Each structure stands twice: as structure tokens, then as C-alpha cells.
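Report on the structure given below.
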Amino acid sequence: MNSILLEIFYYTLGGFMLMNFFLIIFQLFSLHPYSKPTIPVAVQSFLILISALIINSLNDDVETIVDAIRFSLVEGILGILIIIPFLYIIIIYFLLRASFRRRPFDDLLDSPE
Amino acid sequence: MILGSILFWSAILLLMIGISFGRMGPSFSRSNFSLPIILVGILLLIFNNSPIENPESNLLDSINGFAPWFFVCSLGCFLVLRGSPIYWKVRYPQLVIGWIIILISFYLFYEYYELPDNFLLVALFSSLGAILSLFLFILLVRFVENGIPLEDPAPELTEEEKDFVKKIISMNIGVEEK
């Protein structure tokens with residue numbers, strides 16, 4: 001497979017596996033009487049395993065399933081580290097707007113006595 | 001996997017657990033543990049002196065460049081939020097200091113953080129994978145929730161319960177019961 005296509009595939013699977021991991025942890029550690037995490041956690045774990053097997057078969061540098069999971073999680077976290085600055089630009093734009101906000105004219109409060 | 005890498009992943013796991021504990025809702029009493037667990041995760045990342053192998057080593061280098069501006073910028077955003085006229089009351093010291101800190105974070109970003117050459121590719125497809133996973137999660141939760149049978153309608157209130165409700169409403173609206 002083309003190396004750029006492979007790279008794209010690794011990044012996509014990296015983000016996919018990282019988010020799946022996070023959601024599994026989230027469901028387990030925010031367990032409460034009304035949550036039913038069994039099926040989602042089982043399906044997500046299965047998908048992580050399948051993704052790791054695919055990466056293991058495509059990437060020659062990866063020897064075991066654990067290595068494949070480590071490799072993908074690193075790709076996923078790198079992606080997050082790149083996206084966060086762009087999210088902060090959006091946040092700073094809204095903070096800028098919030099900083100210079102003025103109270104609209106109020107007939108009752110602002111009327112001359 | 002060597003000790004340094006195991007500690008690195010333990011720190012990442014603690015960060016994820018800490019964020020999960022912070023959620024509101026029926027499990028909100030656990031949110032008290034959120035910040036301490038996140039702090040332990042950050043400390044484990046910072047003070048992990050054991051040698052780390054690849055691919056974690058490359059990631060740790062990126063985190064080392066990312067962390068200074070991220071924490072400074074987050075602090076600045078927090079202060080600006082505290083100082084902004086959300087309820088029409090401006091707190092100028094927080095607002096001004098917050099913006100100064102945000103400007104300092106820009107400097108730290110350009111000085112220490114280096115985006116990879118293919119950053120658009122990484123950002124685009126990593127987020128695509130993450131969104132795909134989130135979408136699948138929503139579908140799975142919807143599937144599970146749809147499978148839960150509806151509960152029987154609640155029985156009518158007894159006379160005693162009706163009186164109790166009337167009493168509470170009367171007290172709240174300041175009208176004497178007849």
C-alpha cells in the first residue's frame with residue numbers, strides 16, 4: 001500500500017483506538033446504578049483488538065499486539081496535541097468577545113430618574 | 001515494555017481516570033477525587049526519571065514542548081473568564097492579568113512547541129478516527145437504551161402524599177392551606 005495512505009490509515013486508527021480507550025475508561029470509572037456499559041465496553045474492546053491486529057499485519061516495525069496498541073495510542077495522542085492549539089484559538093476568540101461585552105440598555109435600570 | 005514506558009502509560013491512564021471522575025450526574029460524589037488523580041498523573045509524567053523507549057519517547061518530547069504553553073494558556077483563559085463581565089461585573093485585575101498570561105503563552109508556543117511537517121494530515125485523520133469512535137459509541141448506547149423495557153406508570157398519590165405536596169406548595173408560595 002502507498003506509504004501516505006498507510007500513514008493516513010495509522011492516524012485514523014490511532015484516533016479511533018485512543019477515543020475507544022478513553023470511552024471504555026470513562027464508562028468503567030463513572031459507573032452508576034443507571035448505566036449499562038457491558039455491551040458498549042465489550043464491542044469497543046473487540047474493535048480495539050481488531051484494529052491492533054490490522055496494524056500488526058500492516059506495519060513491519062510492530063511485532064506484537066501490545067506494540068500495535070502502543071503505536072496507535074501514541075499516534076492518537078499526537079493528533080490530540082496538534083488539535084488542541086486550534087481549539088484554543090477558538091476559545092480565545094470567544095474570550096475576546098466576552099471580555100469586551102457591554103450590558104445592553106435597560107429601560108428600567110438605565111432610565112433617568 | 002520497560003519500567004519507564006509502563007510508568008508513562010500509568011500516568012496517561014491516571015489522567016483519563018481523573019477526567020472520567022470529574023463528570024457530573026449520578027456519580028458526582030466521585031468528582032472530589034478528579035483533581036487529585038489528575039495531579040498524580042501529571043506528577044508521574046514530570047518526575048518519571050526511568051529511561052523510556054520508543055514510541056513513547058517521541059510522544060514525551062512532544063508533550064514537553066506542548067505542556068508549558070498549554071498550562072500557561074489554560075491559566076490565562078481561567079483568569080479571563082473570572083474577570084469577564086459574564087454577569088455585567090468586570091474584575092479588571094483578573095481580566096488584565098489573564099490576557100497578559102495568554103500573550104505569554106503565545107510566546108511559549110512559538111518558542112517551545114514545534115508542529116510536525118504533516119500536522120494537518122495528523123490532525124485531520126486523528127480527529128476523524130476519534131469522531132468515528134464517538135459516533136459508534138452513541139449508536140451502541142442508543143441500542144442498549146432502546147432495549148430497556150419501559151417501566152409501569154407510577155401509581156396515583158395517596159391522600160397523605162397529596163396533603164404533603166399541598167403543604168410544601170403552600171409554604172413555597174406563601175399561601176395558607178385551606
Side-chain angles (χ1 to χ4, degrees), chain A residues 4 7-23 25-41 43-44 47 51 66-67 70-86 88 91-92 95-103, chain B residues 1 5 9 12-13 16-17 19-21 23 25-27 30 55-56 58-59 62-63 66 69-70 73-74 77 80-81 83-86 88 90 95 98-99 102 105 109 113 115-116 118-134 136-137 140-141 143-145 147-148:
Chain A
I4 294 178
E7 230 174 289
I8 287 173
F9 191 62
Y10 292 151
Y11 294 139
T12 313
L13 275 187
F16 182 76
M17 285 170 75
L18 180 71
M19 188 52 103
N20 268 328
F21 253 108
F22 179 72
L23 287 171
I25 289 166
F26 177 77
Q27 287 171 89
L28 295 180
F29 284 89
S30 63
L31 198 69
H32 56 82
Y34 311 106
S35 60
K36 309 247 179 275
T38 318
I39 294 176
V41 166
V43 173
Q44 285 171 315
L47 286 173
S51 309
V66 176
D67 285 345
R70 283 166 65 196
F71 172 80
S72 303
L73 289 183
V74 165
E75 299 283 336
I77 296 173
L78 278 174
I80 300 285
L81 294 188
I82 291 169
I83 293 163
I84 287 176
F86 295 103
Y88 264 69
I91 292 171
I92 287 169
L95 285 179
L96 205 64
R97 281 184 58 175
S99 300
F100 297 106
R101 214 160 61 131
R102 284 183 176 204
R103 186 163 63 84
Chain B
M1 196 159 39
S5 297
W9 287 116
I12 298 285
L13 186 70
M16 287 184 176
I17 292 171
I19 294 167
S20 303
F21 268 14
R23 89 165 263 199
S27 60
R30 266 169 269 174
E56 291 87 10
N58 291 338
L59 177 59
S62 291
I63 292 175
F66 172 85
W69 81 261
F70 174 73
C73 193
S74 300
C77 290
V80 170
L81 260 183
S84 293
I86 305 291
W88 313 122
V90 191
L95 191 67
W99 278 114
I102 287 178
S105 79
F109 181 84
Y113 191 51
L115 286 170
N118 55 351
F119 73 93
L120 270 180
L121 205 70
V122 181
L124 197 70
F125 288 98
S126 293
S127 37
L128 180 77
I131 290 167
L132 205 70
S133 160
L134 204 61
L136 190 85
F137 172 67
L140 282 168
V141 170
F143 170 74
V144 172
E145 297 279 333
I148 300 171

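Note on naming: letters A, B, ... go to the chains in the order of the sequence lines (proteins, then strands), and numbering restarts at 1 for each one. Computed from a prediction, not measured in an experiment: that's the story for all the values here.
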- Message: Heavy-atom pairs under 4.5 Å with chain A: which of Asn118(B), Leu128(B), Asn58(B), Leu81(B) has the most?
- Response: Asn118(B)
- Which bit of Leu47(A) comes within less than 4.5 Å of chain B, counting heavy atoms only: side chain, backbone, both or neither? side chain
- Spacing of Phe22(A) atom CZ and Ile19(B) atom CD1 [to the nearest 0.5 Å]: 5.0 Å
- Where does Gln27(A) contact chain B at under 4.5 Å (heavy atoms): side chain, backbone, both or neither? side chain
- Item | Distance in Å, Leu140(B) CG paired with Glu145(B) CD, rounded so as to fall on 0.5 Å steps | 11.5 Å
- Expected output: side-chain Ser126(B) to main-chain Ala123(B) donor-acceptor under 3.5 Å: no
- Gap between atom CD1 of Ile102(B) and atom OG of Ser74(B) - 0.5 Å precision: 9.5 Å
- Largest heavy-atom contact set with chain B, pairs under 4.5 Å, which of Ile39(A), Leu23(A), Leu73(A): Leu23(A)
- Item | Phe26(A) portion near chain B, given a 4.5 angstrom heavy-atom threshold | both
- Given that the side chain runs from C-beta out, which part of Ile25(A) has a heavy atom under 4.5 Å from chain B: side chain, backbone, both or neither? both
- Side chain of Ser133(B), backbone of Gly129(B): donor and acceptor closer than 3.5 Å? no
- Item | Which atoms of Ile91(A) approach chain B - backbone, side chain, both or neither, heavy atom under 4.5 Å | side chain
- Query: Tell me, side chain or backbone of Phe86(A) under 4.5 Å from chain B's heavy atoms, or both, or neither?
  - Reply: side chain
- Item | Among the listed options Phe71(A), Tyr88(A), Phe21(A), the residue most often paired with chain B at heavy-atom distances under 4.5 Å | Tyr88(A)
- Bottom line for Pro85(A): the part with an atom under 4.5 Å from chain B's heavy atoms is both
- Task: Please round to the nearest 0.5 Å and tell me the distance separating atom OG of Ser5(B) and atom CG of Leu59(B).
- Result: 10.5 Å
- Message: Can you tell me how far apart CE (Met16(B)) and CG (Leu28(A)) are? Round to the nearest 0.5 Å.
- Response: 12.5 Å
